[in-house]
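What's counted below: heavy atoms across the whole structure, side chains too, no hydrogens, waters or symmetry copies. All ligand and atom numbering here is 1-based and tracks the order in the structure.
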Amino acid sequence: MELYNTLSRKKEEFKPIKDGEVGMYACGPTVYGLPHLGNLRTYVFEDILKRVLTYNGYRVNHVMNITDVGHLTGDRDMGEDKVENESKKAGKTAWEIADYYTEEFKKDLIRLNILFPDIFCKATDNIKEQIEMVETLEQKGYTYKTSDGIYFDTSKVADYNKLSHLKLEDLKEGARVESNPEKKNSTDFALWKFSPVDTKRQMEWASPWGVGFPGWHIECSAMSVKYLGNHFDIHCGGADHVNIHHTNEIAQTESATGIKPWVNYWLHAAFMNIVGGKKMAKSAGNFITVSNTFIEKGLNPLAYRYNNLSVHYRKPMEWSDDIAVSASNGYQNLLKKISNLGTATGKVDLEFKNKFTADINDDMNMPKALATVQELLKSDISNEDKLATVLDFDKVLGLDFEKATLASRFNLNMTIPENVQKLLAERKTARENKDWKKADELRDKIIALGFEVKDK
Ligand code: AMP
Ligand code: ZN
């Protein structure tokens, strides 16, 4: 199996650290707003990655954090805490905001058939571990203090730019925007921030440096090490995390543990943009959700998953409302073809299985895998074998193919039997004659035959 590693900018053969097992960490949501389709693109991609690994026989230990503290409105440790900020706007506590949006996030995972991680961990439940890591960094001489917090000195790390592949000067130039003048280097970042003196924060903790809260990057380092160890296989997220968040996670973790590499494979999903190439972002407020693009329009949200599978995860996507409709049509057509196969399952076709496995193992080439599904459906193997094979592929695709077979299993296309039609006609006449008693009796008879009557 080959995966594209952002660290080497190459497709590499995947080799797990431990035989048959994979440790995988995925950066979770910042829970101050509804997840938009862009965020969910990244979570669908991670779900496919996990399912592909599982299909290959690995046992995947999938850990995901919930960022409920420390992510500031400016990505460079400036501005307000996103969760506290939303709490003021909404008139709820920061804890209520975080809980509410965590549940909304989980609902979207369910709607998109995204398997839950083995471990969900909240930043606020792991403050001790974060403080301990900052203490280690301090003891090893990687930190310094400013008026607003404890910072990591990036000039102490020789390979700070190894994930971004950018020149150090370019990274520094990028970081100069909204930079804190007290920082030694513009790329330095906060490990611990002091609570402001003029306002009372809702989420704050005592620490060796004073009352405050953790910097955004340290939570992922502390929790991934806690749950997956000092050296694990895969770390993933959206492409926006490469130059700052993941670069900083690597710098602080490898400095704290002294073990390199911390993570063997770094995988990133390309962005979902809105038409015109503009980034879809919660903070920009231009986001579209599963609810407002699918559910409220009566479309199946799994069409969004299907749409994601039809574009390679490293290729940027553009979103428009037309795509929701065309994705739904494409998905419904596929389900129809599968429901037409009937209900009897035969054997998984090995030739097609090999082809499908080659597609998904080539850096998750899901567009090609979907083409293989269409090829299978068009082929001349028996319907029973087609169904068995397509249901096997659905372990990776997660497109609810089994449900598609329900239509034929329960004969949903059946016509209403004559005796029931006769009772319906009699009931209609009774209602026209305002004979409500008779109409009700006839309704009971119809119900007894297994049908329901609705007057609209
Ligand atoms: P956030 O909740 O903003 O911290 O982001 C959660 C995840 O979504 C991270 O892995 C981000 O990299 C990813 N993400 C954010 N915006 C987009 C987007 N427009 N397209 C794809 N992934 C995104
Ligand atoms: Zn992270």
Pairing of [X] and [Y] as salt bridge, 4.0 angstrom limit:
| X | Y | result |
| --- | --- | --- |
| Arg305 | Asp47 | yes |
| Lys107 | Glu103 | no |
| Asp362 | Lys368 | no |

Can you confirm whether or not the ring centre of Trp262 sits under 6.0 Å from the ring centre of Phe232? yes
Ring centre gap for Trp216 and His241 strictly below 6.0 Å: yes
For ligand 1, which is the ligand I care about here, please tell me if [X] has any N or O atom under 3.5 Å from one of the ligand's N or O atoms.
| X | answer |
| --- | --- |
| Trp216 | no |
| Gly38 | yes |
| Gly237 | no |

Can Val373 and Leu397 be said to form a side chain to side chain contact (heavy atoms under 4.5 Å, CB included), step by step? CA-CA 10 Å; Val373 170; Leu397 303 172; 3.9 Å; yes
Winner among His241, His246, His245 once heavy atoms are compared against atom 9 (C) of ligand 1: His241
Have a look at Arg41, Lys82, His36, His71 and point out the one with the heavy atom closest to atom 16 (N) of ligand 1. His36
If we set the cut-off at 4.0 Å for heavy atoms, which region of Asp240 has an atom near ligand 1: side chain, backbone, both, or neither? side chain
Does Met272 approach ligand 1 within less than 4.0 angstrom via side chain, backbone, both or neither, non-hydrogen atoms only? both
Shortest-distance N, O or S atom of Glu249 relative to the Zn ion (ligand 2): OE2
Taking only heavy atoms of Thr42, which atoms of ligand 1 are found under 4.0 Å from at least one of them? 10 (O), 13 (C), 21 (C), 22 (N), 23 (C)
If we check side-chain contact (heavy atoms from CB on, under 4.5 Å) with Phe356, which of these qualifies: Val396, Asp392, Val390? Val396
Note: SG(Cys220)-the Zn ion (ligand 2)-SG(Cys27) angle, rounded to 10 degrees, equals 130°
So does His245 have any N/O/S atom less than 2.8 Å away from the Zn ion (ligand 2)? yes
Suppose we only count N/O/S atoms under 2.8 Å; would His246 qualify as near the Zn ion (ligand 2)? no
Assess whether atom NZ of Lys92 is packed by more than 12 heavy atoms of other residues, nucleotides or ligands within 6.0 Å. no
